[in-house]
*Asks:* 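Below you will find the structure I want to go over with you.
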Amino acid sequence: DILLHIEDRMLIRSQRLLMLEHRLGCVAIVDLGEQPSPRADHRLEHHRIPQPFNRRERRLRREGDQRARRGEARARQRRVREQFVAAGVDHHAIDAGIDYAVLTPAQLTDAKPGQVEVTEFFWYRCPHCYQLEPELSAWAKKLPKNVVLKRVPGILNDSWVPLARAYYALEALGQVEALHDDVFKAIHSQGMDLNNPETFFDWAVTKGVDRQKLAAAYNSFGVNSKVM
């Protein structure tokens with residue numbers, strides 16, 4: 001009876017240690033100063049804790065979860081859009097604070113009196129900007145005379161500067177309307193790295209752009225002032 005009582009106490013202490021180690025996300029290690037009896041060790045076999053995920057496995061799992069959430073969000077957007085179309089809801093019927101936010105104070109624009117300026121901030125390597133571009137371009141062709149669309153390449157860090165230069169260089173040569181969509185396709189469909197200026201110049205030549213004029217615009221004072 002005394003021996004069984006000692007073994008049971010060892011088992012209880014071992015289980016407590018296992019529970020504590022499980023909460024900490026570690027591998028369970030039983031160290032009571034004495035080896036548990038065969039009876040206690042046999043009963044503890046059922047409480048073994050698996051090894052935690054390593055960093056790579058955690059990252060892959062997290063990325064998989066993020067992709068799943070993005071897929072679900074896109075699916076919800078498609079369903080809502082289809083419901084609106086099926087219900088014949090006027091897409092112009094939008095409310096401040098629900099469909100858009102009012103900026104206070106109002107921001108300066110280049111619009112003339114009586115005009116409405118719509119500003120798009122984009123990045124050529126952004127997959128969401130790439131997906132939006134066909135719809136935005138189609139909408140831009142139907143704008144009323146008092147509405148102006150202004151595109152602004154975003155610059156969140158130095159790695160975004162080359163493609164902002166590419167946009168402003170095309171703008172300086174009057175080639176944005178002709179090649180804006182093609183830049184997106186070259187990056188996302190053809191896998192080209194247009195961050196490299198020489199690669200961008202070579203690609204533009206295939207579209208009929210003069211290389212010397214493009215290079216001069218790319219490094220011009222006007223473009224430099226816009227990307228500062």
*Asks:* Could you give the side-chain donor-acceptor pairs of residues 156-163 under 3.5 Å, partners two or more places apart or in another chain?
*Replies:*
{"from": "Asn157", "atom 1": "OD1", "to": "Ser159", "atom 2": "N", "distance (Å)": "3.0"}
{"from": "Asn157", "atom 1": "OD1", "to": "Ser159", "atom 2": "OG", "distance (Å)": "2.4"}

*Asks:* How far apart are the closest heavy atoms of Gly222 and Ser225, and which atoms are they?
*Replies:* O-OG, 2.6 Å
*Asks:* Is there a side-chain contact between Leu179 and Tyr167 in this structure, where contact means two heavy atoms from C-beta onward sitting under 4.5 Å apart?
*Replies:*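 No, too far: nothing below the 4.5 Å cut-off.
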*Asks:* What is the minimum heavy-atom distance between Leu194 and Phe200, and which atoms define it?
*Replies:*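 Looks like O-CB, 3.8 Å.
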*Asks:* Which atom pairs, one a donor and one an acceptor, fall under 3.5 Å between side chains of residues 108-116 and the rest of the protein, sequence neighbours left out?
*Replies:*
{"from": "Thr109", "atom 1": "OG1", "to": "Ala111", "atom 2": "N", "distance (Å)": "3.4"}
{"from": "Asp110", "atom 1": "OD2", "to": "Lys150", "atom 2": "NZ", "distance (Å)": "2.9"}
{"from": "Gln115", "atom 1": "OE1", "to": "Lys112", "atom 2": "N", "distance (Å)": "3.0"}

*Asks:* Could you give the distance from CZ (Arg61) to CD (Gln66), rounded to the nearest 0.5 Å?
*Replies:* 13.5 Å
*Asks:* Do Leu149 and Tyr168 share a hydrophobic cluster, counting only Ile, Leu, Val, Met, Phe, Trp and Tyr and linking them when any side-chain heavy atoms are less than 4.5 Å apart?
*Replies:*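 No.
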*Asks:* If I take atom NZ from residue Lys226 and atom OG from residue Ser220, how far apart are they, to the nearest 0.5 angstrom?
*Replies:* 8.5 Å
*Asks:* Could you work out, with salt bridge (Lys or Arg N to Asp or Glu O under 4.0 Å) as the rule, every residue matching Arg211, not counting sequence neighbours?
*Replies:*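 Residues passing salt bridge (Lys or Arg N to Asp or Glu O under 4.0 Å) with Arg211: Glu198, Asp202.
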*Asks:* Test Met192 against Thr199 for side chain to side chain contact (heavy atoms under 4.5 Å, CB included), laying out the working first.
*Replies:* CA-CA 8 Å; Met192 298 186 67; Thr199 303; 4.2 Å; yes
*Asks:* Looking at every heavy atom in both Ala169 and Val223, which two are closest together, and how far apart are they?
*Replies:* N-CG2, 4.1 Å
*Asks:* What about Leu170 and Val205, same hydrophobic cluster or not, with Ile/Leu/Val/Met/Phe/Trp/Tyr joined at side-chain heavy-atom distances under 4.5 Å?
*Replies:* no
*Asks:* Taking only residues two or more places apart in sequence, or in another chain, which ones meet Ser189 in a side-chain hydrogen bond (donor to acceptor under 3.5 Å, both in side chains)?
*Replies:*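 For Ser189, the residues satisfying side-chain hydrogen bond (donor to acceptor under 3.5 Å, both in side chains) (neighbours in sequence not counted) are Tyr130.
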*Asks:* Nearest 0.5 Å, what's the CG-CD distance between Leu132 and Glu120?
*Replies:* 6.0 Å
*Asks:* Considering residues at least two apart in sequence or located in another chain, which fulfil the side-chain hydrogen bond (donor to acceptor under 3.5 Å, both in side chains) criterion with Glu63?
*Replies:*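 Listed in chain order: Arg59.
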*Asks:* Who are the ring-ring contact (aromatic ring centres under 6.0 Å, His included) partners of Phe184, not counting sequence neighbours?
*Replies:* Tyr124, His180
*Asks:* Please identify each residue that fulfils side-chain contact (heavy atoms from CB on, under 4.5 Å) with Asp193, with sequence neighbours left out.
*Replies:*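 Asp193 satisfies side-chain contact (heavy atoms from CB on, under 4.5 Å) with Asn195 only.
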*Asks:* Taking the basic N atoms (NZ, or NE/NH1/NH2) and the acidic carboxylate oxygens, is any pair closer than 4.0 Å for Arg151 and Glu171?
*Replies:*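 Between Glu171 and Arg151 there is no salt bridge, as every charged N stays at least 4.0 Å from the carboxylate O atoms.
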*Asks:* I'd like to check the salt bridge (Lys or Arg N to Asp or Glu O under 4.0 Å) partners of Lys185; sequence neighbours left out, ordered by chain and number.
*Replies:* Asp181
*Asks:* To the nearest 0.5 Å, how far apart are NZ in Lys213 and CG in Leu173?
*Replies:* 8.0 Å
*Asks:* What do you reckon, is CD of Glu117 surrounded by more than 12 foreign heavy atoms closer than 6.0 Å?
*Replies:* yes
*Asks:* Can you name the residues that form a side-chain contact (heavy atoms from CB on, under 4.5 Å) with Gln212, not counting sequence neighbours?
*Replies:*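 Residues passing side-chain contact (heavy atoms from CB on, under 4.5 Å) with Gln212: Asp210.
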*Asks:* Measure the shortest side-chain to side-chain distance between Pro153 and Trp123 over non-hydrogen atoms and say whether it is less than 4.5 angstrom.
*Replies:* no
*Asks:* Restricting to pairs with a member in residues 203-223, which pass ring pair (Phe, Tyr, Trp, His ring centres under 6.0 Å), not counting sequence neighbours?
*Replies:* Phe201-Tyr218
*Asks:* Holding to side-chain contact (heavy atoms from CB on, under 4.5 Å), I want the full list of residues that pass it with Asn224, two or more places apart in sequence or in another chain.
*Replies:* Arg165
*Asks:* If you compare all heavy atoms of Gln190 against all heavy atoms of Ala186, which two are closest, and at what distance to 0.1 Å?
*Replies:* CB-O, 3.3 Å
*Asks:* Can you list, pair by pair, the side-chain donor-acceptor contacts under 3.5 Å of residues 141-148, counting residues two or more places apart and other chains?
*Replies:*
none

*Asks:* List the atom of Ala172, the atom of Ala217, and the distance in Å for their closest heavy-atom pair.
*Replies:*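 Answer, listing the atom of Ala172 first, then Ala217: CB-CB, 4.2 Å.
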